[in-house]
Amino acid sequence: MLLPFEILQSIFVENFNKMKALQIILYSVLSGILIFVSTPALRQLIENPNFMEFREQFIFFTGICTMIFMTTAMLISLRIPLISKYLKGLDKAYSVHKNLGLAAAVSLSFHYLAEDAPKWLYNAGLLKINENYLSENNNEFFHESGLLAALIAFFLIIILLIITQIHKIPYHWFRSTHKIFSVVYLFAAYHAVLSLIDRHWQFSLGGILLIFIIFLGIIASLVSILAKIGEKRKFSAKIVKIDIFCKNILDVYLSVENQEFKYKAGQYVFLKFSFSSEPHPFTISSFDMKRKILRFSIKDLGDFTHNLFNIAKIGDEVEVEGAYGEFLFEDDFNRQIWIAAGIGITPFMARLDYFSTNKNNKQIFLFYSSRGHKNEIFPKDLEQICSLNNVKLIHVNTLENQRITIDFIKEKSGDLENASLWFCGNENFGHSLLKWLKFSNFDMKNLHYDTFNMR
Ligand SMILES: Cc1cc2nc3c(=O)[nH]c(=O)nc-3n(C[C@H](O)[C@H](O)[C@H](O)COP(=O)(O)OP(=O)(O)OC[C@H]3O[C@@H](n4cnc5c(N)ncnc54)[C@H](O)[C@@H]3O)c2cc1C
């Protein structure tokens with residue numbers, strides 16, 4: 001059973017993960033306040049300090065916040081390099097995107113409740129108020145259709161968010177249903193603009209700002225609906241070699257001849273194979289610049305990767321989109337500690353490959369946990385490549401219950417001060433590591449991590 005302290009501890013660490021999301025949510029609320037006070041809403045509230053006026057302006061404010069949360073989430077989903085860089089990689093950007101979705105659901109619930117709850121209470125005889133306050137001020141088509149659009153948006157968002165949270169739902173279902181969000185956004189945008197026009201506030205400073213934000217969101221949702229995300233970074237490649245390492249790991253080699261392909265070690269691309277309807281992210285584990293061949297080391301982790309083992313063949317065309325990612329090993333430390341778990345070894349393979357043309361001048365320790373003995377590890381030549389490039393490999397066999405812990409890391413590589421830490425592996429290990437580091441007073445800004453998760 002978890003002790004209260006451990007619960008607090010885990011919440012704290014979880015929150016560390018969500019710091020960026022909280023920061024963006026806070027900025028969004030501040031922008032919402034700025035827009036609110038730049039419309040006549042505040043003046044109206046001061047002039048009529050009563051419950052129904054408060055309700056009216058609360059509906060307006062929560063509406064503004066919902067639109068800002070949704071627009072920011074939409075913009076993040078466009079995979080714009082500047083935004084991903086600011087958020088330290090697409091995986092973290094998706095985490096912010098998800099939390100903005102949750103924030104939108106919360107503010108939308110308040111928006112909806114503030115609109116309807118007084119009517120329910122009034123009808124139940126629990127709220128005594130002048131009936132005129134609750135009846136809509138006009139019945140025009142635009143007003144009614146705006147409200148209907150908001151209602152549809154509200155229920156769709158709640159359903160879609162529930163789907164997002166249930167990890168048992170296969171990723172491709174999650175992805176297809178997720179696309180509906182862009183359409184939902186258009187409903188919400190329609191309602192928001194009509195509400196502004198209804199109040200005659202569209203030409204106030206706040207009204208203009210809100211319309212501008214909604215305009216950006218509409219562009220983002222159209223880009224998404226028309227499947228144009230990442231369009232400029234897409235190109236075609238061909239499978240030239242497939243190497244099966246063991247029953248659940250294979251290497252796929254893609255030729256990107258005739259392409260101006262730019263990439264940094266540690267980055268990944270989205271690969272869309274002809275037999276699959278959706279692109280999947282994979283790290284480039286090496287790049288032969290002369291022959292222009294990309295290597296991907298892929299583990300069978302689900303439906304798609306399982307099919308890959310049976311269906312992919314030499315000569316197949318593959319659509320590549322990228323490269324993306326900020327897990328680039330670039331810092332000013334002379335000592336780096338790398339921690340890889342399972343197939344999380346791929347960005348480290350890329351960096352080792354980079355050392356074949358760029359001398360390693362840092363002291364590097366690579367902690368690698370995998371199932372099996374050192375002589376069975378993937379890739380076969382890892383030990384040799386590490387020793388050629390002055391990287392100390394410390395392998396841990398999880399089948400023998402060996403584990404990488406902070407004490408183990410300190411014992412093998414010395415103090416964690418004056419070192420940066422690079423982790424790639426599964427989420428559970430990542431969370432434990434964050435927890436240990438937090439309680440070892442490690443400076444978290446020197447921790448770089450990638451959990452191969454975008455959901
Ligand atoms: C940045 C990044 C780099 C990665 N690099 C590698 C690598 O080098 N080698 C490797 O073996 N695996 C890598 N992965 C993981 C790989 O993308 C998934 O294992 C694969 O997509 C699983 O698909 P599936 O249908 O077989 O499994 P599923 O059971 O359907 O999915 C398992 C999990 O994989 C993720 N996932 C599935 N499909 C997608 C998708 N289309 N887009 C985004 N995420 C998806 C989701 O988190 C999902 O919960 C990487 C993932 C990310 C995010």
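What you see is a predicted model, and the numbers here were worked out from it, not measured in a lab. First listed ligand is number 1; within each ligand, the first listed atom is number 1.
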Looking at residues at least two apart in the chain, or sitting in another chain, which of them share a side chain to side chain donor-acceptor pair (under 3.5 Å) with D443?
K445

Are Y449 and L433 close enough that some pair of their side-chain heavy atoms sits under 4.5 Å apart?
no

Should S370 and F378 count as side-chain neighbours, where that means a heavy-atom distance under 4.5 Å?
no

Axial cation check for F270 ring with R79, 6.0 Å and 45° limits
yes

Which protein residues have a heavy atom under 4.0 Å from ligand 1?
Y171, Y268, E278, P279, H280, P281, F282, T283, S297, I298, K299, L301, G302, D303, F304, T305, I343, T346, F452, N453, M454

Please examine the side chains of V269 and L294, heavy atoms only from C-beta on, and report whether any two atoms are closer than 4.5 Å.
no

Any cation-pi pair here, K247 with F309, using under 6.0 Å and within 45°?
no

